[in-house]
Amino acid sequence: MKEQEFAHRIRHHLNLGADGIDRATADRLFKARQNALEHQKVATSQLSLAGIGNIAADVMLPHARTVIALLGLMLGVAGVSYWNDYQQAAEYEEIDSALLADDLPINAYLDKGFHAWLDQPSSQQ
Amino acid sequence: MERRAYKQALFAVRNEDIALDIVQDAMLKLAEKYGDKPAEELPMLFQRILQNTIRDFYRRQKVRSLWMTPLSALTSANDEDADPLETLEVENQSKLASIPHAQLEQSQLLAIIEEEIKKLPPRQREAFLMRYWEDMDIAETAAAMGCSEGSVKTHCSRATHTLAVALKAKGIEL
């Protein structure tokens, strides 16, 4: 006997068994089904959007998480870059004002890098 | 649908209340998480949830038995002699006594088939029931089981063979 034929005969008996489930169990199963249907998730996005908006949503929604993550990453990189520039500018500003006021700490004159910086022509600074 | 799911859970866990809880949980999860999915995807999703819920039960059972085994060793040894099948058989016989001969034969045959299905290895049983009872195709069954289509074919073939041999050994020709 072929596999399919045998399986379908088994299926026939299994269906009889499922139909013969006792009343109390069948009632409990029916109530469970009703309860599940009451909690069913409704497809709101498809109901509220129509036309071009619907097409855009169909295309964009599956990738929404990726797009949001990429936007977040880009904002983060821009923020870090801006903060670095701001910090560096504040540092330069502090050194410039100390130089102008002749108020540099003594350690600054001992720093080799500082001398190298002073030796550079002013056009490069 | 829920009746077949209940029977599937019952074959796996062999306890009516637990099987009911499993089906209830699976239906609720399907409705809450996948209620907005296309109707043609729902049977496959439901089967996947159902099988996962059954596996969760096995996992919990395993953890519980780890705790219970040392405790049960402390209880009376008299309980070991008690055979739960004895009471089950008496109950079944008393029920069967009131029904006509043809129905009796049918219910006995069904009981044997169901018992042999319970004995199948879990993955073979899942594949067999999804393919041939739930009418899911090989691709859907593979997706629900999280395995390859080749594995589904192998599971189904082995399950069918095992069932055929077991039934034949009991003198049953379908």
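As a basis for the values below, the full set of heavy atoms in this structure was taken, side chains included, without hydrogen atoms, waters or symmetry mates.
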*Closest-packed option against chain A by number of heavy-atom pairs under 4.5 Å, given B/A5, B/A111, B/S157*: B/S157

*A/Y86: what forms a ring pair (Phe, Tyr, Trp, His ring centres under 6.0 Å) with it, not counting sequence neighbours?*
A/W83

*Identify which of B/M1, B/K7, B/Q24 forms the greatest number of heavy-atom pairs closer than 4.5 Å to chain A.*
B/K7

*asked:* Restricting to non-hydrogen atoms, name the atom on B/A144 and the atom on B/M44 that form the minimum distance, rounded to 0.1 Å.
replied: CB-O, 3.7 Å

*Among B/D25, B/T160, B/V23, which has the most heavy-atom pairs under 4.5 Å with chain A?*
B/T160

*asked:* Return the CD to CG distance between B/E126 and B/L120, rounded to the nearest 0.5 Å.
replied: 11.0 Å

*asked:* Which residues in residues 11-24 of chain A have any heavy atom closer than 4.5 Å to a heavy atom of chain B?
replied: A/R11, A/H13, A/L14, A/N15, A/L16, A/G17, A/A18, A/D19, A/I21

*Any side-chain heavy-atom pair from B/N15 and B/F57 closer than 4.5 angstrom?*
no

*Please identify each residue that fulfils ring pair (Phe, Tyr, Trp, His ring centres under 6.0 Å) with B/F128, with sequence neighbours left out.*
B/Y132

*Could you have a look at B/E114, B/Q106, B/E16 and say which one has the most heavy-atom pairs with chain A under 4.5 angstrom?*
B/Q106

*Show the numbers, then the answer: is there a side-chain contact (heavy atoms from CB on, under 4.5 Å) between B/L129 and B/E134?*
CA-CA 6 Å; B/L129 293 176; B/E134 296 298 329; 5.7 Å; no

*Do B/E2 and A/R28 come within less than 4.5 Å of each other through their side chains, counting heavy atoms only?*
no

*Side chain / backbone / both / neither for B/L10 at chain A, heavy atoms under 4.5 Å*: neither

_Cluster overlap B/M27 with B/M130, hydrophobic side-chain contacts below 4.5 Å_ = yes

_Chi angles and distances behind the side-chain contact (heavy atoms from CB on, under 4.5 Å) call for B/W133, B/I117_ = CA-CA 12 Å; B/W133 203 16; B/I117 286 177; over 6 Å; no

_Which atoms of B/K33 approach chain A - backbone, side chain, both or neither, heavy atom under 4.5 Å_ = backbone

*Where does B/L110 contact chain A at under 4.5 Å (heavy atoms): side chain, backbone, both or neither?*
side chain

*In chain order, what residues pass the side-chain hydrogen bond (donor to acceptor under 3.5 Å, both in side chains) check against B/S148, with sequence neighbours excluded?*
B/S151

*Max heavy-atom pair count under 4.5 Å with chain A, selected residue of B/A19, B/C156, B/A159*: B/C156

